[in-house]
Amino acid sequence: MRHELVSDEMWAAVEPLLPEEPPKPKGGRPRVSDRDALRGIVFVLRSGLPWEMLPREVFGCSGMTCWRRLRDWQQAGVWDRLHRTLLERLHRSGELDWGRTALDSQSTAAKKGGAATGPNPTDRGKPGTKRHAVTDARGMPLGLTITGANPHDSMAFAATLDAVPGVRSGGRGRPRMRPDKLHADKAYDSRRCRRECRARGITPRIARKRIDRSDRLGRHRWVVERTFAWMDQFRRLVTRYERRADIHVALTKLAACVICLNQISRFC
């Protein structure tokens with residue numbers, strides 16, 4: 001089980017991005033290996049198990065050690081760099097389709113509250129978080145942002161577009177970070193959203209209220225819903241238990257990286 005959680009391919013992608021082990025001038029206990037800590041993190045992400053219940057005898061470290069390693073790697077920008085690296089591999093292999101992208105949001109309950117949460121109007125005002133994502137035409141997550149559940153979806157529109165990292169093809173020229181077209185539902189039907197698209201050189205394909213029929217609008221946008229379904233397979237993301245927003249963001253981005261790795265394993 002331990003080896004299946006972090007494959008050799010995944011470890012080869014992650015290891016070069018990890019910060020060096022801090023020096024211990026006064027000695028102390030040996031540091032838990034980064035790969036064992038990553039296994040514990042991925043297990044919690046996939047299973048939804050509380051950190052304190054992670055079995056030390058199976059993973060060789062405690063859940064709190066994994067939590068601290070996740071926190072430190074998030075602060076060091078490991079998950080952002082890993083996401084960019086994996087997107088570049090997909091881009092070089094022709095497995096990223098920038099022609100049409102889709103953007104949407106997904107709400108989830110936030111049991112313990114915390115930063116980037118708010119009263120969810122669709123859940124009787126209980127604390128919740130929104131996950132905003134933009135995906136390519138095949139559902140690969142390109143950019144992710146987190147907000148409270150109460151702001152309107154369109155308020156995170158520009159930030160989600162800007163969350164797409166610059167993806168290099170390996171040759172000369174600027175990195176690619178803008179799709180050709182963007183599909184979104186009626187929640188984003190506003191002049192501001194269309195203006196923000198055009199300011200970035202993106203052609204908006206946003207459904208219009210009282211004009212476009214809802215039963216004929218999913219031809220290109222369904223892929224982002226499938227991406228959210230993929231993320232729901234990571235049980236720690238179905239309900240947010242992390243009070244700290246940076247920890248929840250780290251787990252969300254790690255899930256996006258695993259989705260990209262699965263695509264690489266299939267086609268690259």
Side-chain angles (χ1 to χ4, degrees), residues 1-11 13-15 17-19 21-22 24 28-80 82-83 106-118 120 123-124 126-131 133 141 144 146-149 227-262:
M1 179 183 67
R2 293 172 60 190
H3 294 290
E4 293 173 353
L5 288 169
V6 179
S7 64
D8 291 340
E9 183 179 22
M10 181 176 182
W11 180 241
V14 174
E15 185 181 20
L17 307 176
L18 298 179
E21 179 180 351
K24 292 184 177 180
R29 288 186 297 180
R31 175 182 167 91
V32 172
S33 77
D34 286 336
R35 188 166 185 173
D36 282 344
L38 182 59
R39 290 188 185 108
I41 292 168
V42 173
F43 182 77
V44 168
L45 174 62
R46 287 191 175 277
S47 68
L49 190 76
W51 293 103
E52 60 272 15
M53 293 182 65
L54 187 74
R56 182 192 294 267
E57 63 276 10
V58 175
F59 292 95
C61 60
S62 68
M64 291 315 300
T65 295
C66 295
W67 184 94
R68 287 191 293 269
R69 208 67 63 87
L70 176 69
R71 175 202 62 195
D72 295 343
W73 291 343
Q74 169 67 10
Q75 292 174 354
V78 169
W79 311 122
D80 287 333
L82 177 61
H83 187 210
Q106 179 188 43
S107 295
T108 184
K111 294 294 186 180
K112 297 182 179 180
T117 66
N120 189 344
D123 192 19
R124 295 174 292 175
K126 295 180 180 179
T129 288
K130 271 184 184 175
R131 181 183 305 126
L144 295 162
I146 302 295
T147 67
T227 302
F228 287 140
W230 286 340
M231 287 194 168
D232 283 343
Q233 295 177 7
F234 299 90
R235 304 306 298 170
R236 192 73 183 186
L237 299 181
V238 175
T239 299
R240 174 179 164 180
Y241 292 98
E242 320 296 337
R243 286 189 59 83
R244 289 181 50 159
D246 61 333
I247 300 298
H248 183 64
V249 169
L251 291 171
T252 303
K253 290 187 175 180
L254 177 56
C257 291
V258 174
I259 291 171
C260 291
L261 270 168
N262 292 340

Please list, one pair per line, the donor and acceptor atoms closer than 3.5 Å that link side chains of residues 42-55 to other protein atoms, with sequence neighbours excluded.
{"from": "Ser47", "atom 1": "OG", "to": "Phe43", "atom 2": "O", "distance (Å)": "2.7"}
{"from": "Ser47", "atom 1": "OG", "to": "Leu49", "atom 2": "N", "distance (Å)": "3.2"}

Query - Lys/Arg N to Asp/Glu carboxylate O, Arg35 vs Asp8, below 4.0 Å - result: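 Looking at Asp8 together with Arg35, the answer is yes, because their closest N to O distance falls below 4.0 Å.
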
Report task. List the steps and the verdict of side-chain contact (heavy atoms from CB on, under 4.5 Å) for Phe59 and Leu5. Result -> CA-CA 11 Å; Phe59 292 95; Leu5 288 169; 3.5 Å; yes

[atom1]/[X] to [atom2]/[Y] distance, rounded to the nearest 0.5 angstrom?
X	Y	atom1	atom2	value
Leu82	Leu254	CG	CG	7.5 Å
Leu251	Met231	CG	CE	11.5 Å
Ser107	Phe228	OG	CZ	9.5 Å
Asp232	Thr239	CG	OG1	9.5 Å
Glu242	Lys112	CD	NZ	7.5 Å
Met10	Cys257	CE	SG	7.5 Å

Are the side chain of [X] and the backbone N or O of [Y] linked by a donor-acceptor pair below 3.5 Å?
X	Y	value
His83	Pro141	yes
Thr129	Thr117	no
Thr252	Leu237	no

Query raised in the report: Take atom CZ in Arg235; do more than 12 heavy atoms of anything else shown fall under 6.0 Å from it?
Result: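 Count not over threshold, so no.
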
Query - Minimal non-hydrogen separation, Leu70 against Ala250, with atom names - result: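 Taking every non-hydrogen atom into account, CD1-CB, 3.8 Å.
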
Report task. Could you tell me which non-hydrogen atom of Cys61 sits nearest to which non-hydrogen atom of Cys66, and how far apart they are? Result -> SG-SG, 3.4 Å

Query raised in the report: Can you name the salt bridge (Lys or Arg N to Asp or Glu O under 4.0 Å) partners of Arg131, sequence neighbours left out?
Result: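 Once residues adjacent in sequence are excluded, Arg131 has no partner under the salt bridge (Lys or Arg N to Asp or Glu O under 4.0 Å) criterion.
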
**Report entry** Criterion side-chain contact (heavy atoms from CB on, under 4.5 Å) on Tyr241 and Ile247, from CA distance to verdict
**Finding:** CA-CA 10 Å; Tyr241 292 98; Ile247 300 298; over 6 Å; no

Report task. Quick one: which residue pairs count as a side chain to side chain donor-acceptor pair (under 3.5 Å) with a foot in residues 69-78, not counting sequence neighbours? Result ->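 Every side chain to side chain donor-acceptor pair (under 3.5 Å) pair that includes a residue of residues 69-78, provided the two are not neighbours, is Asp34-Arg69.
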
